[in-house]
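Just passing along the structure, written as structure tokens.
These numbers come from the heavy atoms of this one structure, side chains and all, not from hydrogens, waters or symmetry mates. For clarity, every value in this text was computed on a predicted model and none was experimentally measured. Just so you know, residue 1 is the first one in the sequence shown, and it goes up from there.
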Amino acid sequence: MRVEVLGCDMSQRVALITGSGKRIGAATASLLLSEGWFVFLHVRNSLDEARTILQDFHDKHGVSPAAEILQADLNSDEEISSLIDTVLRHEIVENNGGLHALVHNASIYNSTDFEEVSLETLRLNNRIHIEVPFLLTQGLLPLLKSAQGCVIGMVDTSVGRAWNGLSHYTASKAGLRQLMINLAGDLAPEVRVNCVGPGAIVAAEWESEHFESVLQSVPLGRAGDVDDVAKAVQFLLDSPYLSGQIINVDGGWSIAP
């Protein structure tokens, strides 16, 4: 696993965000950095994008952000173990009372007709959306407990809806949702666990037509922004009496008829 470190202040809350090089993960990392957090930015391939986040922070604030880039393939047991070990042994968590936030943001998203979904694709979705959050939460639990930390799972608004070509994705995201809700009970009272469910925020290239049709059903009549999701994460982190909750950042789509 590859590691890159920038300056740190030994009086900070500490967060690990998976998949933080792009889109929602990047927005969340940027927001927490601006709020004075030390952030472990996990990436797989988006190393340049993560460096850009840190450079942008420096350009805006005139100082280096308190951050570390951790590069790891979450489909590798060895690299997950290395990622966990790096965080467990890091002086920043020791000097700041543990890990205050673990955000399970890493995700894969592609459309495939049900008849053509391979076992490999199904397993990969379950791996990234269920197994990895399970393993990271379990492996980092001592740090989360010592910091009275918060775990957040990035789910979506697919529950109760049928999405063509996304059975493998929606099933695994439903699994993540249930895992987080169950852990809210299992890990209380030391650790809080919540979910954020983005709605129409960022469209993939292949779903532009579907995305536009969804917007027609959104009561607010427009798409959201990655910063909207990041602010929901921040709200949950800053709300010590919230656990077992799901915030849908969807412009009211989840209540639309």
Next on the checklist: My understanding is that only residues two or more places apart in sequence, or in another chain, count here; which of them pass side chain to side chain contact (heavy atoms under 4.5 Å, CB included) with Glu49?
Outcome noted: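 With neighbours one apart ignored, the set is Lys22, Ser46.
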Item to check | Straight-line distance of Glu116 CD to His168 NE2, nearest 0.5 Å | outcome: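 Answer for the CD-NE2 pair, Glu116 versus His168, is 11.0 Å.
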Item to check | Residue pair Ile246 / Asn194, side-chain heavy-atom distance below 4.5 Å | outcome: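 No - every pair of side-chain heavy atoms lies 4.5 Å or more apart.
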Item to check | Close side-chain approach of Trp37 to Ile17, heavy-atom, < 4.5 Å | outcome: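 No, their side chains stay 4.5 Å or more apart.
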Item to check | Heavy-atom side-chain proximity of Asn45 to Asp73 below 4.5 angstrom | outcome: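 Asn45 vs Asp73: side chains apart.
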Checklist entry - Hey, any chance Ile53 and Leu47 share a hydrophobic cluster, counting ILVMFWY side chains that come within less than 4.5 Å of each other, even indirectly? => result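 Yes, it is one cluster - the side chains of Ile53 and Leu47 are joined through contacts under 4.5 Å.
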Could you go through residues 132-146 and list every donor-acceptor pair under 3.5 Å that involves a side-chain atom there, pairing it with any protein atom two or more places apart or in another chain?
| unit_1 | atom_1 | unit_2 | atom_2 | d |
| --- | --- | --- | --- | --- |
| Thr137 | OG1 | His104 | NE2 | 2.8 |
| Thr137 | OG1 | Pro133 | O | 2.7 |
| Ser146 | OG | Gly97 | O | 3.1 |
| Ser146 | OG | Pro142 | O | 3.3 |
| Ser146 | OG | Leu143 | O | 2.9 |

Checklist entry - Got Val39 and Thr28 here, is their nearest side-chain heavy-atom distance under 4.5 Å? => result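 Not touching, per the 4.5 Å side-chain cut-off.
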Item to check | Min side-chain heavy-atom separation Asn182-Val193 under 4.5 Å | outcome: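 No. Closest side-chain heavy atoms not under 4.5 Å.
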Name every donor-acceptor pair, under 3.5 Å, that has one atom in a side chain of residues 56-63 and the other anywhere in the protein, sequence neighbours excluded.
| unit_1 | atom_1 | unit_2 | atom_2 | d |
| --- | --- | --- | --- | --- |
| Asp59 | OD1 | Gln55 | NE2 | 2.8 |

Checklist entry - Which pairs count as salt bridge (charged side-chain N to carboxylate O under 4.0 Å, His left out) when at least one residue sits in residues 131-140, sequence neighbours excluded? => result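 For residues 131-140: Arg127-Glu131.
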Item to check | Tyr169-His129 aromatic ring centre distance below 6.0 Å | outcome: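 They qualify: ring centres under 6.0 Å apart.
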Next on the checklist: Could you go through Leu16 and His42, starting from their C-alpha distance and side-chain angles, then the distance that decides it, and tell me whether this counts as side chain to side chain contact (heavy atoms under 4.5 Å, CB included)?
Outcome noted: CA-CA 7 Å; Leu16 167 61; His42 160 265; 4.2 Å; yes
Next on the checklist: For residues 150-165, which residue pairs pass the salt bridge (charged side-chain N to carboxylate O under 4.0 Å, His left out) check, not counting sequence neighbours?
Outcome noted: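 Output for this query is empty, none listed.
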Checklist entry - Can Ile84 be reached from Leu187 by stepping across I, L, V, M, F, W or Y side chains whose heavy atoms are under 4.5 Å apart? => result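 Per the 4.5 Å side-chain linkage, Leu187 and Ile84 are co-clustered.
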Checklist entry - Does anything in residues 235-257 pair up under salt bridge (charged side-chain N to carboxylate O under 4.0 Å, His left out), and if so which pairs, sequence neighbours excluded? => result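 Listed by first then second residue: Arg13-Asp238.
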Checklist entry - Would you call the rings of Trp253 and Trp163 parallel, tilted or perpendicular if under 30° counts as parallel and over 60° as perpendicular? => result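 Parallel.
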Checklist entry - Quick one: does Cys195's side chain get under 4.5 Å of Met154's, heavy atoms only? => result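 Result no, sub-4.5 Å side-chain heavy-atom pair not found.
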Checklist entry - Are Asp228 and Lys231 close enough for a salt bridge, meaning some N to O gap below 4.0 Å? => result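 Salt bridge flag = no for Lys231 with Asp228.
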